[in-house]
Protein chains: 2
Amino acid sequence: MAHITLPEGFPGIRGPMLFRPETAKPMNELVEVLLLGPSTLSRGERELIATYVSVRNECTYCHSIHGAIAAHHLGGNESVVDCVKLDFEHAEISEKMKALLAIAGKVQLGGKHVTSEDIERARQLGATDLEIHDTVLIAAFFCLCNRYVDGLGTWTPEDPDFYRQRAKIVAANGYAAATLTPGAR
Amino acid sequence: MAHITLPEGFPGIRGPMLFRPETAKPMNELVEVLLLGPSTLSRGERELIATYVSVRNECTYCHSIHGAIAAHHLGGNESVVDCVKLDFEHAEISEKMKALLAIAGKVQLGGKHVTSEDIERARQLGATDLEIHDTVLIAAFFCLCNRYVDGLGTWTPEDPDFYRQRAKIVAANGYAAATLTPGAR
């Protein structure tokens with residue numbers, strides 16, 4: 001049971017977002033710029049960063065839904081998402097993405113863990129300043145989301161199919177529309 | 001030196017915010033709802049939550065500027081802010097605030113650290129669902145900001161007077177205007 005009284009039937013971040021629409025609005029705007037906006041990183045790649053940070057923070061709701069959205073954008077390839085969750089250095093992703101995920105993992109630990117060597121590795125593999133910036137901010141944003149979801153003790157569905165279905169809705173409609181649409185799916 | 005090329009002369013979060021105004025806009029909207037919007041917690045109390053989480057994350061820029069803003073709103077009382085940074089259970093703040101800071105400290109560690117007992121303590125001391133929600137989200141938001149500021153290796157001024165001067169500008173004009181106003185102060 002959640003730590004505060006949230007609207008019933010809305011799992012994960014959606015309960016607190018419906019409870020407090022004033023804060024949900026800018027949060028959805030931020031995630032839409034970061035994950036859906038124009039970028040030289042694909043939607044699937046950006047969702048992998050969100051997924052990886054959420055796994056490291058052990059936030060089941062977030063890594064399940066963003067992992068499902070990542071897989072949706074990567075042609076339904078759930079195995080690459082699972083591999084990123086467990087050991088991204090051996091996943092079938094670009095070397096640049098591995099360097100960006102390494103930075104995201106450092107951000108998850110704390111900002112000061114990011115080293116010049118981490119940045120240099122990414123840059124050598126072609127990462128731009130904007131890609132490095134967005135990687136750091138996506139990682140930091142999911143450190144927020146993971147704490148928001150688990151710190152309020154929200155409901156986490158267990159059925160993987162729940163997340164696969166939601167992923168299609170989010171991919172088609174964006175975060176703001178999907179989050180605030182009534183109904184568990 | 002910052003890890004990416006940021007506009008010169010803007011310390012802390014202001015450099016990355018000027019670098020990426022598309023993400024700065026919703027971030028400033030969120031912080032303004034949380035720290036400046038209508039609330040049964042005072043502006044000083046909410047800044048104390050931001051300060052305490054930033055100290056725990058060892059983010060010098062964030063705990064210095066939000067500590068200075070907290071002191072500004074608490075009648076210039078810097079000693080209560082210093083006490084919250086070091087040992088809030090013995091600070092001259094309300095028992096309810098101590099319970100909320102305890103929750104914020106758990107959120108800083110990770111969302112799952114928050115227990116029913118932490119929530120019950122706050123509730124017994126009069127905390128409402130909205131106050132608990134906002135405490136969790138302020139704490140989570142500063143886990144984002146601290147990582148954003150330090151993960152990009154931004155410039156951190158050392159002079160305490162810098163933060164005292166900035167605090168007055170933020171208190172008078174709000175975050176969005178203060179962050180995006182050119183000039184180091």
Side-chain angles (χ1 to χ4, degrees), chain A residues 1 3-6 16 19-20 22-34 37-38 57-59 103-104 106-116 118-120 122-123 128-137 139-154, chain B residues 1 3-6 16 19-20 22-34 37-38 57-59 103-104 106-116 118-120 122-123 128-137 139-154:
Chain A
M1 212 180 78
H3 291 313
I4 60 173
T5 304
L6 297 173
F19 175 85
R20 188 78 155 107
E22 301 87 350
T23 48
K25 181 178 166 290
M27 287 176 70
N28 273 316
E29 282 178 22
L30 181 56
V31 76
E32 295 208 341
V33 172
L34 286 171
N57 282 323
E58 299 178 19
C59 183
I103 292 171
K106 297 290 189 76
V107 170
Q108 184 268 335
L109 290 172
K112 288 190 172 68
H113 290 261
V114 179
T115 65
S116 305
D118 296 322
I119 303 295
E120 192 52 32
R123 220 183 280 287
T128 64
D129 271 11
L130 187 55
E131 288 171 345
I132 293 168
H133 169 280
D134 282 10
T135 296
V136 169
L137 188 50
F141 181 69
F142 279 86
C143 286
L144 180 164
C145 295
N146 301 159
R147 283 166 171 79
Y148 189 40
V149 162
D150 285 334
L152 290 170
T154 63
Chain B
M1 213 180 81
H3 290 313
I4 60 174
T5 303
L6 297 174
F19 175 85
R20 188 78 155 108
E22 302 86 352
T23 49
K25 181 178 166 289
M27 287 176 71
N28 273 316
E29 282 178 21
L30 181 56
V31 77
E32 294 208 342
V33 172
L34 285 171
N57 282 322
E58 299 178 18
C59 183
I103 291 171
K106 296 291 188 76
V107 170
Q108 184 268 333
L109 290 173
K112 288 191 171 69
H113 290 260
V114 179
T115 65
S116 306
D118 296 322
I119 302 295
E120 190 53 31
R123 219 183 280 287
T128 65
D129 271 11
L130 186 55
E131 288 171 345
I132 293 167
H133 170 279
D134 281 11
T135 297
V136 169
L137 188 50
F141 180 69
F142 279 86
C143 286
L144 180 166
C145 295
N146 302 160
R147 283 166 169 79
Y148 189 39
V149 163
D150 285 333
L152 289 170
T154 64

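Within every chain, numbering begins at 1; the chains are lettered A, B, ... in the order of the sequence lines, protein sequences first and strands thereafter. Predicted, not measured: the structure shown is a model, and the values here were computed from it.
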Should A:V136 and B:R147 count as side-chain neighbours, where that means a heavy-atom distance under 4.5 Å?
->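 Heavy-atom side-chain distance check fails, nothing below 4.5 Å.
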So, do A:F19 and B:D129 sit near enough that their side-chain heavy atoms are less than 4.5 Å apart?
->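 The answer is yes, as the side chains (C-beta and beyond) meet within the 4.5 Å cut-off.
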Rounded to the nearest 0.5 Å, what separation is found between the [atom1] atom of [X] and the [atom2] atom of [Y]?
| X | Y | atom1 | atom2 | value |
| --- | --- | --- | --- | --- |
| B:L152 | A:T135 | CG | OG1 | 10.0 Å |
| A:T5 | B:L130 | OG1 | CG | 12.0 Å |
| A:N146 | B:K112 | CG | NZ | 8.5 Å |

Need one label for [X]: side chain, backbone, both or neither, based on atoms under 4.5 Å from any heavy atom in chain A.
| X | value |
| --- | --- |
| B:F142 | neither |
| B:C145 | neither |
| B:V107 | both |
| B:T128 | neither |
| B:I119 | side chain |
| B:K25 | side chain |

Tell me, please, which residues at least two apart from A:Y148 pass ring-ring contact (aromatic ring centres under 6.0 Å, His included).
->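 Residues passing ring-ring contact (aromatic ring centres under 6.0 Å, His included) with A:Y148: B:H133.
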B:L109: what forms a side chain to side chain contact (heavy atoms under 4.5 Å, CB included) with it, not counting sequence neighbours?
->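 Side chain to side chain contact (heavy atoms under 4.5 Å, CB included) list for B:L109, sorted by chain: B:R56, B:H113.
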Largest heavy-atom contact set with chain A, pairs under 4.5 Å, which of B:G37, B:G153, B:G110 |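 Looking at each option in turn, the highest pair count goes to B:G110.
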Pick from B:Q108, B:K106, B:R20, B:E58 with the largest number of heavy-atom pairs that fall under 4.5 Å of chain A |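 Option with the top pair count is B:R20.
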If every non-hydrogen atom of A:S116 is compared with every non-hydrogen atom of B:H3, which pair is closest and at what distance?
->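 Nearest pair, atom of A:S116 first, then B:H3: N-CE1, 3.9 Å.
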Against chain B, label A:D134 side chain, backbone, both or neither, depending on which of its atoms sit under 4.5 Å from a heavy atom there.
->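 For A:D134, side-chain heavy atoms alone lie under 4.5 Å from chain B.
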Non-hydrogen atoms of chain B under 4.5 Å away: do they reach the side chain of A:E120, the backbone, both or neither?
->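 Contact with chain B involves no heavy atom of A:E120 at all.
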